[in-house]
Amino acid sequence: MKLVIGIPTTGTVAMPFAYSLCGLVSYISANGIKTLPGEAIELSINVAESSVIHGNRERIIMESMKIDATHVLFLDHDMSFEPHIIDIL
């Protein structure tokens with residue numbers, strides 16, 4: 001599994017988002033992601049910055065396809081969430 005966390009942003013990231021992202025990455029590092037037994041997980045973060053959010057999303061998808069990512073999780077720069085959200089998704 002190749003997971004890309006895609007963050008389309010206009011350039012300013014809210015502090016609750018920064019804390020949430022740090023918590024998510026720490027949670028994944030400590031617990032992994034529930035997937036098929038024995039399957040390796042490759043995680044990367046892709047940030048696209050411009051005032052055109054839909055263009056940022058498209059750029060993240062195009063770059064994810066270049067590395068053969070199997071999954072893309074979009075996180076908006078103004079949201080906050082609990083680290084275990086990855087288990088729910």
Side-chain angles (χ1 to χ4, degrees):
M1 171 192 283
K2 284 188 177 182
L3 171 64
V4 173
I5 296 176
I7 305 167
T9 179
T10 57
T12 303
V13 174
M15 285 308 296
F17 174 80
Y19 287 125
S20 294
L21 182 61
C22 288
L24 176 63
V25 172
S26 295
Y27 181 84
I28 292 171
S29 294
N31 302 304
I33 299 173
K34 294 175 183 161
T35 185
L36 296 174
E39 185 175 356
I41 299 168
E42 187 177 322
L43 173 68
S44 62
I45 297 176
N46 187 330
V47 179
E49 180 183 343
S50 82
S51 61
V52 184
I53 295 296
H54 66 275
N56 293 344
R57 290 182 188 280
E58 184 176 337
R59 192 169 22 171
I60 290 168
I61 290 296
M62 297 303 288
E63 291 177 15
S64 298
M65 289 171 62
K66 286 180 187 175
I67 64 167
D68 296 323
T70 58
H71 298 77
V72 177
L73 171 62
F74 281 111
L75 298 175
D76 290 341
H77 66 272
D78 60 350
M79 63 189 294
S80 61
F81 48 89
E82 295 296 321
H84 67 277
I85 192 73
I86 197 73
D87 294 333
I88 296 168
L89 297 174

Would you say the side chain of [Y] lies within less than 4.5 Å of the side chain of [X], judging by non-hydrogen atoms?
X   : Y   : result
I53 : T9  : no
I85 : L73 : no
L24 : L75 : yes
D87 : H84 : yes
R59 : S50 : yes
S80 : F17 : no
E42 : M1  : no
L43 : I5  : yes

Shortest non-hydrogen contact between [X] and [Y], atoms and distance:
X   : Y   : value
V13 : A18 : CG1-N, 4.3 Å
N46 : E63 : ND2-OE1, 2.7 Å
D76 : P8  : OD1-CG, 4.0 Å
A48 : N56 : O-ND2, 3.3 Å
G11 : E49 : CA-OE2, 3.4 Å

Should we count CE of M65 as having more than 12 external heavy atoms under 6.0 Å?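 No - once you tally the heavy atoms of other residues, nucleotides and ligands closer than 6.0 Å, there are 12 at most.
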Joint hydrophobic cluster, [X] plus [Y], side-chain heavy atoms closer than 4.5 Å:
X   : Y   : answer
V47 : F74 : no
I88 : L3  : yes
L21 : I60 : no

Apply side chain to side chain contact (heavy atoms under 4.5 Å, CB included) to the pair I45 and V25, showing each step before the final yes or no. CA-CA 10 Å; I45 297 176; V25 172; 4.0 Å; yes
Can you tell me how far OG of S20 sits from OH of Y27, rounded to the nearest 0.5 angstrom?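 Here the rounded value is 14.5 Å.
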Take I61 and V72 through the test side chain to side chain contact (heavy atoms under 4.5 Å, CB included) and record every step on the way to the result. CA-CA 8 Å; I61 290 296; V72 177; 4.1 Å; yes
May I have the step-by-step check of side chain to side chain contact (heavy atoms under 4.5 Å, CB included) for V4 and I67, ending in yes or no? CA-CA 10 Å; V4 173; I67 64 167; 3.9 Å; yes
